[in-house]
Every structure is written in structure tokens, then in C-alpha cells.
Number of protein chains: 2
Amino acid sequence: MSTRRALTRNQALVLDTLTACDEPLSAYAILDRLRGEGVRAPLQVYRALDKLVETGLVHRLDSLKAFVACSHPHEHDGAAVVAFAICENCARVWEFSDSKIEDRFAAWAEAESFLTKATTIEISGLCVSCRKAAEATEGAKTAV
Amino acid sequence: MSTRRALTRNQALVLDTLTACDEPLSAYAILDRLRGEGVRAPLQVYRALDKLVETGLVHRLDSLKAFVACSHPHEHDGAAVVAFAICENCARVWEFSDSKIEDRFAAWAEAESFLTKATTIEISGLCVSCRKAAEATEGAKTAV
DNA sequence: CAAACTCTGTAATGATATAACATCGGAGTT
DNA sequence: AACTCCGATGTTATATCATTACAGAGTTTG
């Protein structure tokens with residue numbers, strides 16, 4: 001039943017690189033980290049990424065032109081809509097989904113007879129820690 | 001009270017180009033259409049786009065790396081979250097917003113203490129007409 | 001007037017992504 | 001084994017998207 005195929009060498013290298021990193025990487029950043037492993041051309045990385053994205057093990061963040069390993073690869077049963085919150089300071093990513101949101105999009109699509117194939121949701125802002133850090137320095141500044 | 005400023009020549013040219021077009025255009029596509037008006041360098045277009053996006057008159061569709069004129073420029077009172085549905089066949093774009101969806105995102109952000117600065121929502125699929133056209137040819141094919 | 005500011009134009013470059021082509025190697029035959 | 005099919009690979013070149021750096025022109029504002 002599982003459509004999960006063994007990964008090829010390049011795919012495994014790319015996935016490992018992304019998994020080991022706690023922030024999104026551009027294709028070229030991945031390439032740089034894999035030169036030691038014999039990966040030399042962008043296309044090798046892009047091809048691996050294409051497959052990984054296709055199977056849901058990796059997500060592309062359009063707003064960053066970068067890629068992250070999926071944090072819930074096991075939950076990819078249905079066509080769940082996933083949202084990403086990206087901290088613009090530390091670049092870390094939170095992946096979540098919400099069935100109510102999904103329902104509203106489905107309702108809109110239904111009303112318009114739009115056939116949905118993919119949904120991209122990306123929220124950028126500041127995560128708790130970076131927010132607090134920013135508020136602290138703000139406070140110090142204005143407190144002078 | 002209005003922060004609306006008169007547009008500069010380049011900004012007006014770019015906005016007019018986008019408004020006249022019923023599908024998203026890349027910056028370079030805009031440039032090509034404006035060569036006759038004396039626009040020669042990508043930067044002239046990108047600078048105009050930056051301002052237009054900043055004031056909300058134009059949106060950038062990350063998933064397409066392209067730009068569209070906003071369909072509801074007058075409604076840009078608050079920080080409304082806008083979603084885009086993009087037909088992958090005819091490239092037309094539907095812009096809509098839903099306060100319930102907005103509420104859910106706000107709730108997530110609240111729970112995580114995430115400070116939201118921008119939200120990008122892009123849905124790709126097939127619009128009514130393209131969907132029907134596709135189904136028609138599908139039907140013809142399987143009906144042989 | 002001069003300082004500060006914004007918009008402008010141009011050239012060069014950086015960053016992201018794909019096309020085209022030849023080759024390799026495994027899976028399933030025959 | 002020889003054959004074919006098919007997907008992955010490696011390499012070069014090129015397309016597409018976006019920004020840096022620098023200099024000049026025009027306006028506001030003190």
C-alpha cells in the first residue's frame with residue numbers, strides 16, 4: 001500500500017541535509033553542503049528536491065525560495081492543507097494544520113466550482129523568542 | 001488621513017500594465033511591454049513594483065513569481081488577509097478573503113505567541129471554465 | 001542656499017531554476 | 001546472456017528572477 005520508495009543516493013543526501021538543519025535551505029545552499037559528497041551541479045539537487053517534494057518529505061517555501069524537511073512526514077495520509085509560520089528573524093519554521101481552515105477553503109472552492117490542487121499558506125513574523133528579544137531591546141531603547 | 005500618494009511615472013506605467021492584463025505578469029514581462037515607453041532596465045520595474053506592493057495596489061504571487069493588480073484596492077483599510085486562487089490552465093486569479101480563516105490564524109498565532117506580519121495564501125487548481133473544458137475532453141476520450 | 005530626501009537611469013552581478021544531451025544501471029523479459 | 005525499458009545520473013550551457021553599487025536630477029525643508 002505504501003507508495004514510499006527507497007530514496008536514491010542524491011535524494012537521501014539532500015533529505016539528510018535538510019533534516020539536519022533547523023532552518024530552510026536554498027537549493028544552492030544544499031549544493032554547497034554536499035560538494036564534499038561529490039554533488040557538483042544544481043540540477044542534481046533540484047532533481048532530488050523535486051522527488052522529495054512530490055512524495056511530501058520536503059516542502060518548498062515559496063516566500064523564501066527555500067526548502068525544509070517535513071516535520072510530520074508520517075501524517076501524510078490525505079491531502080491535508082499545511083500552513084507554515086516562518087520567523088523572519090531566526091528563520092525557524094512551524095508547520096501546522098487546521099481542519100476548520102481547510103473547511104473554509106473547501107467551501108470557497110465549492111461555491112466557485114474551483115478544483116483545488118494545491119494550497120500554499122505561509123505566515124511570516126516573529127516567533128516567541130525573537131519577539132521577546134525584540135521587545136526587550138525596544139524597551140531598553142525607549143526607557144532611556 | 002490617506003497615505004495614498006500620487007504615483008510616479010514608472011509606477012503608473014507598471015500599474016496600468018498590470019491592470020490591463022487579466023493574468024499575472026513577471027517583472028520581465030512587464031518590462032518587455034514597457035520598452036516602448038522608455039523603460040529599459042529591470043530595476044525600474046522592480047522599484048515601481050516594490051512601491052505598489054507596499055501600498056497594496058499590487059500583489060506578488062510567490063508561487064508564480066509574478067505580479068497582479070489588486071482587485072479590491074479600495075478595501076485595503078485594515079490588515080485583511082487575502083487569499084488567491086490561481087487557475088493553472090488559464091492563469092487567471094481570484095482574490096478573496098474570509099474572516100473566519102483569519103480568526104483561525106489569529107488563534108494559532110495567539111496560542112504560540114507568534115507575531116504575524118504577513119500572510120500568504122495561494123491556491124492553485126482549475127477554475128470553473130477550465131475544469132469543465134478538461135472534463136469535456138476527458139469524457140470524449142474515455143467515451144471512445 | 002544647503003541639507004536631506006526621493007525618484008531616476010545604467011551597468012554589472014548575484015541568485016534561482018531549467019533545457020538538452022549522453023550515459024549508466026537495474027528490472028523484467030526472451 | 002542479450003534485449004529492452006525506464007528512471008536516475010552527470011555535465012554543460014542557458015534561461016529566468018532579483019539586487020548591488022554608483023551617479024545624477026528634481027523636491028522639499030530648514
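Computed from a predicted model, the values in this text were never measured in an experiment.
- Between the side-chain ring of B:Y28 and the base of D:dT16, no stacking contact exists by the 5.5 Å and 30° definition.
- The side chain of B:T8 contributes an N or O atom lying less than 4.0 Å from OP1 or OP2 of C:dT8.
- Scanning both residues, A:L126 and A:C130, for their nearest heavy atoms gives CD2-CB, 4.2 Å.
- As judged by a 4.0 angstrom heavy-atom cut-off over every strand, B:R40 is placed among residues touching the sugar-phosphate backbone only.
- Here the nucleotide nearest the side chain of B:N10, chosen from D:dT20, C:dT8, D:dT9, is C:dT8.
- Under 4.0 angstrom from either OP1 or OP2 of D:dG10 there lies at least one side-chain N or O belonging to A:Q44.
- Taking the centre of each ring, B:F84 and B:W94 stay at or above the 6.0 Å mark.
- At whole-Å resolution of the value, CD in B:Q11 and C1' in C:dT8 are 11 Å apart.
- If you check residues 62-69 of chain A against DNA chain D, the residues with a heavy atom closer than 4.0 Å are A:K65, listed by number.
- Aromatic ring centroids of A:F67 and A:H59 lie 6.0 Å or more apart.
- For the pair B:L43 CG and D:dC17 P, the computed distance is 16 Å after rounding to whole Å.
- Side chain of A:Y46, nearest nucleotide from C:dT16, C:dA20, D:dA21: C:dT16.
- Where B:A29 and A:R9 each meet DNA chain D at their nearest nucleotide, the meeting point lying more 5' is that of A:R9.
- Legend: residues meeting side chain to side chain donor-acceptor pair (under 3.5 Å) with B:E88, ordered by chain and number and at least two apart, are A:K117.
- In this structure, B:L25 atom CG and D:dT16 atom C1' are separated by 15 Å, rounded to whole Å.
- Counting only distance, with no hydrogens or angles, the side chain of A:Q11 and the backbone of A:T8 share a donor-acceptor pair below 3.5 Å.
- Proximity note for A:A41 (side chain, C-beta onward) versus D:dT9, D:dT12, C:dT18: the nearest is D:dT12.
- Whole-Å rounding puts the B:D50 CG to C:dT6 P distance at 15 Å.
- Not a single side chain to side chain donor-acceptor pair (under 3.5 Å) links B:Q44 to another residue, sequence neighbours left out.
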- Query: Yes or no on side-chain hydrogen bond (donor to acceptor under 3.5 Å, both in side chains) for A:E95 and A:S71, after CA distance, side-chain angles and deciding distance?
  - Reply: CA-CA 7 Å; A:E95 192 177 331; A:S71 1; 2.6 Å; yes
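- Summarising the geometry, the separation between CZ on A:R47 and P on D:dG10 is reported as 8 Å, rounded to the nearest angstrom.
- Rounded to whole angstrom, the span from the CD1 atom of A:I30 across to the P atom of C:dA15 amounts to 16 Å.
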